[in-house]
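Notes for the one structure printed next.
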Amino acid sequence: MALLLILLVATCGLGWVLCLYAGWFWPWLCLPLFLLAAPLLFSLLRGESDARRQRRACVVVLGDVGRSPRMQYHALSLAAHGYSVSFVGYAGTKPHTDVLKNHRITIVPIAELMSIKVGPRILQYIMKVIFQVAQLSYVLLKIDVPSFVLLQNPPGLPSMAVTWFICLLRGSKLIIDWHNYGYTIMSLTLGKCHPVVQIAKWYEKLCGRLSDCNLCVTDAMKEDLQSNWNIKATTLYDKPFSVFKETPLEVQHKLFMKLANEYSPFKAREPEDPVFERTAFTELDTSSGDVAYTSSHPALLLSSTSWTEDEDFSILLKALIEYEKLVVSGQKLPSLVCVITGKGPLKDYYGKQIEQLQLKHVQFCTPWLEAEDYPVLLGSADLGVCLHRSSSGLDLPMKVVDMFGCCLPVCAIYFNCIHELVRHEENGLIFRDACELTSQLKMLFSEFPNADSKLQQFRNYLRQTYQVRWHKNWDQTVLPLLNQLLHRS
């Protein structure tokens, strides 16, 4: 019954908008149906009274579940404390094995509407939002009533409004996990003063105030939410999951062999030898089983990205062009293999630029790795580079957290609150442009792979510094909030 009612509400709403756009008069006939169905739906669903006290939770991301690590970690932490978790999101990329194997976590897929090519762009966008509203409402009404819904923002349109409304109907609490501001991401392409950006900002502010509890990723965002929007939030810093650690040499070799089958930069430079199994970085003595680095092996430079406007990879490409010139001029520097992992809208754009470079001493590889292979590669790399420049200046790159978990030194581009994560000359380096990055690469790799190099000093510091892992941090920060929130209900 509830599902039929929500379909009626969504259908009437869609018909009303489309008919108004076409200039027809009868959409006003849909409006009474909409107004009658909504209270009936409210009355029906509110009847499920004590379900909120059950140990059920819902984690929602209006995006690819497999590319939402923080929300996967939330789901795992909730499951570890006995919650049955409905994990709602797009079923695109394969999530981590721990999520798939956990019997307390059920992934509830929603379909991603890629594009609508009917009518003007504004109508296409409205139709897409209405489709998302109907689908997300259907899914949230279909699952067992949770004690609370934990929602990622961004993306928050229309998920913030929909989840608030469904939580209101079903008596669940709404918790918003602020990763950034959606309107600032929109402003990268539309501009800060665009009317759509201003509407999105108003919407985000309004819906944020309707939540029962808020989490955020930095103290800077916490202060901004409080001072500008009067939203009280608790900072939950990203921390590395247990899988992010240094990779043993034997495991490195297995991964390099796997990657060498598909990507030429990992293939052995030396002639085949029946005694040795080789990659560009490692060699296995088949007679003894010992694994060692190859002589004069290249350095492994790694960056991960979602290939969006807030990461300018031209900075890295310019720096590597200058690095190539340094090697050609006779500087004692190793060759580099630059691996850039991830998927996103600008991957093809930068891929074409990379193809045109044709550098001799710098090779590029842009794979999409399985969830299990990514931490192994991070733990095998020599240096990480982060080009994430926050659209709001208030969030931190999770990729750096993962790199630090693997004791991987990092060069990160400067923005307002990067100091909350990367401390210059202590656990990494901060650069502002390609020239500074080139200088840092030259300095860090000038003694490679010497054990007394600056690069190794950073790695040793990360090894010696105790790093709190995700679950412990979550237990200390989020669990008490949940207990208070549910006790109040």
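Residue numbers run from 1 in the order of the sequence given.
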Where do [X] and [Y] come nearest, in terms of heavy atoms and distance?
{"X": "Leu485", "Y": "Cys213", "result": "CD2-CB, 4.3 Å"}
{"X": "Ile430", "Y": "His424", "result": "N-ND1, 2.9 Å"}
{"X": "Leu62", "Y": "Leu157", "result": "CD2-O, 3.9 Å"}
{"X": "Lys343", "Y": "Thr93", "result": "NZ-OG1, 4.2 Å"}
{"X": "Thr294", "Y": "Ala280", "result": "OG1-O, 3.3 Å"}
{"X": "Thr218", "Y": "Cys417", "result": "CG2-SG, 4.2 Å"}

Between Val88 and Val59, does a side chain to side chain contact (heavy atoms under 4.5 Å, CB included) hold up when you go through it step by step? CA-CA 6 Å; Val88 179; Val59 176; over 6 Å; no
Can you tell me if [atom1] on [X] sees more than 12 non-hydrogen neighbours from other groups inside 6.0 Å?
{"X": "Lys318", "atom1": "NZ", "value": "no"}
{"X": "Arg432", "atom1": "CZ", "value": "no"}
{"X": "Lys258", "atom1": "NZ", "value": "no"}
{"X": "Trp368", "atom1": "CH2", "value": "yes"}
{"X": "Lys254", "atom1": "NZ", "value": "no"}
{"X": "Glu272", "atom1": "CD", "value": "no"}

Checking [X] side chain against [Y] main chain: does a donor-acceptor pair fall under 3.5 Å?
{"X": "Lys192", "Y": "Ser187", "result": "no"}
{"X": "Gln132", "Y": "Ser159", "result": "no"}
{"X": "Gln252", "Y": "Thr247", "result": "yes"}
{"X": "Thr163", "Y": "Met160", "result": "yes"}
{"X": "Arg278", "Y": "Arg269", "result": "no"}
{"X": "Thr189", "Y": "Met186", "result": "yes"}

How long is the span from the [atom1] atom in [X] to the [atom2] atom in [Y], to the nearest 0.5 Å?
{"X": "Leu482", "Y": "Leu78", "atom1": "CG", "atom2": "CG", "value": "6.5 Å"}
{"X": "Cys406", "Y": "Met403", "atom1": "SG", "atom2": "CE", "value": "9.0 Å"}
{"X": "Ile340", "Y": "Lys347", "atom1": "CD1", "atom2": "NZ", "value": "9.5 Å"}
{"X": "Glu436", "Y": "Ile315", "atom1": "CD", "atom2": "CD1", "value": "10.5 Å"}
{"X": "Arg459", "Y": "Lys454", "atom1": "CZ", "atom2": "NZ", "value": "15.0 Å"}
{"X": "Leu333", "Y": "Glu324", "atom1": "CG", "atom2": "CD", "value": "11.0 Å"}

Trp307 vs Tyr349, test: ring pair (Phe, Tyr, Trp, His ring centres under 6.0 Å). Steps then yes/no. CA-CA 9 Å; Trp307 298 105; Tyr349 170 78; 9.6 Å; no
For Tyr263 and Phe364, run ring pair (Phe, Tyr, Trp, His ring centres under 6.0 Å): C-alpha distance rounded to whole Å, both residues' side-chain angles, the deciding distance at 0.1 Å, then the answer. CA-CA 9 Å; Tyr263 305 104; Phe364 291 90; over 10 Å; no
Using the six-membered ring wherever Trp is involved, compare the ring planes of Phe445 and Phe448 and label them parallel, tilted or perpendicular (cut-offs 30° and 60°).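 Taking Phe448 first and then Phe445, their aromatic rings stand perpendicular (interplane angle over 60°).
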Classify the ring geometry of Trp229 against Tyr183: parallel below 30°, tilted from 30° to 60°, perpendicular beyond 60°.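 Ring orientation of Trp229 relative to Tyr183: tilted.
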Is the shortest side-chain heavy-atom distance between [X] and [Y] below 4.5 Å?
{"X": "Asn214", "Y": "Trp178", "result": "yes"}
{"X": "Met398", "Y": "Tyr73", "result": "yes"}
{"X": "Val362", "Y": "Tyr323", "result": "yes"}
{"X": "Pro334", "Y": "Pro298", "result": "no"}
{"X": "Leu317", "Y": "Leu357", "result": "yes"}
{"X": "Val385", "Y": "Val410", "result": "no"}
{"X": "Asn230", "Y": "Lys205", "result": "no"}
{"X": "Thr308", "Y": "Leu346", "result": "no"}

Is the Lys NZ or Arg CZ of Arg389 less than 6.0 Å from the centre of Phe415's six-membered ring, within 45° of the axis?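 Because its charged atom misses either the 6.0 Å distance or the 45° angle limit, Arg389 does not stack over Phe415.
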State whether Tyr350 and Lys352 meet the cation-pi test: NZ (Lys) or CZ (Arg) under 6.0 Å from the six-membered ring centroid, and within 45° of the perpendicular axis.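 The answer is no, since Lys352 fails at least one limit relative to Tyr350.
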Just by distance, no angles: are the side chains of [X] and [Y] close enough, under 3.5 Å, to form a donor-acceptor pair?
{"X": "Ser391", "Y": "Asn180", "result": "yes"}
{"X": "Asp402", "Y": "Tyr374", "result": "no"}
{"X": "Thr305", "Y": "Glu311", "result": "yes"}
{"X": "His179", "Y": "Asp177", "result": "yes"}
{"X": "Tyr181", "Y": "Glu204", "result": "no"}

Stepwise salt bridge (charged side-chain N to carboxylate O under 4.0 Å, His left out) test for Glu246 and Arg463: CA-CA 9 Å; Glu246 289 188 83; Arg463 286 170 177 163; 2.8 Å; yes
Of Glu426, Glu425, Glu420, which meets side-chain hydrogen bond (donor to acceptor under 3.5 Å, both in side chains) against Arg423?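 That would be Glu426; it is the only one of Glu426, Glu425, Glu420 passing the side-chain hydrogen bond (donor to acceptor under 3.5 Å, both in side chains) with Arg423.
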State which residues pass side-chain hydrogen bond (donor to acceptor under 3.5 Å, both in side chains) with Thr282; sequence neighbours excluded, sorted by chain then number.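 Once residues adjacent in sequence are excluded, the partners of Thr282 under the side-chain hydrogen bond (donor to acceptor under 3.5 Å, both in side chains) criterion are His253, Thr279.
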Verify ring pair (Phe, Tyr, Trp, His ring centres under 6.0 Å) between Tyr293 and Phe281, making sure each step is shown before the conclusion. CA-CA 6 Å; Tyr293 287 111; Phe281 301 90; 8.2 Å; no
Go through it in stages, so that I can follow the logic: the residues are Leu462 and Asn427, the test is side chain to side chain contact (heavy atoms under 4.5 Å, CB included), and I'd like the CA-CA distance, side-chain angles, deciding distance and then a yes or no. CA-CA 7 Å; Leu462 292 169; Asn427 60 2; 3.9 Å; yes
As a quick check of understanding, evaluate ring pair (Phe, Tyr, Trp, His ring centres under 6.0 Å) for Phe241 and Trp470, giving each step before the final call. CA-CA 5 Å; Phe241 206 61; Trp470 170 270; 7.7 Å; no
His194: which residues meet the ring pair (Phe, Tyr, Trp, His ring centres under 6.0 Å) condition with it, sequence neighbours left out?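 His194 satisfies ring pair (Phe, Tyr, Trp, His ring centres under 6.0 Å) with no residue once adjacent residues are dropped.
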What do the steps show when you test Asp395 against His388 for side chain to side chain contact (heavy atoms under 4.5 Å, CB included), and what is the final call? CA-CA 10 Å; Asp395 70 305; His388 173 84; 3.1 Å; yes
Exactly one of Thr286, Asp285, Val291 should register a side-chain contact (heavy atoms from CB on, under 4.5 Å) with Ser288. Which one does?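 Of the listed residues Thr286, Asp285, Val291, the side-chain contact (heavy atoms from CB on, under 4.5 Å) partner of Ser288 is Asp285.
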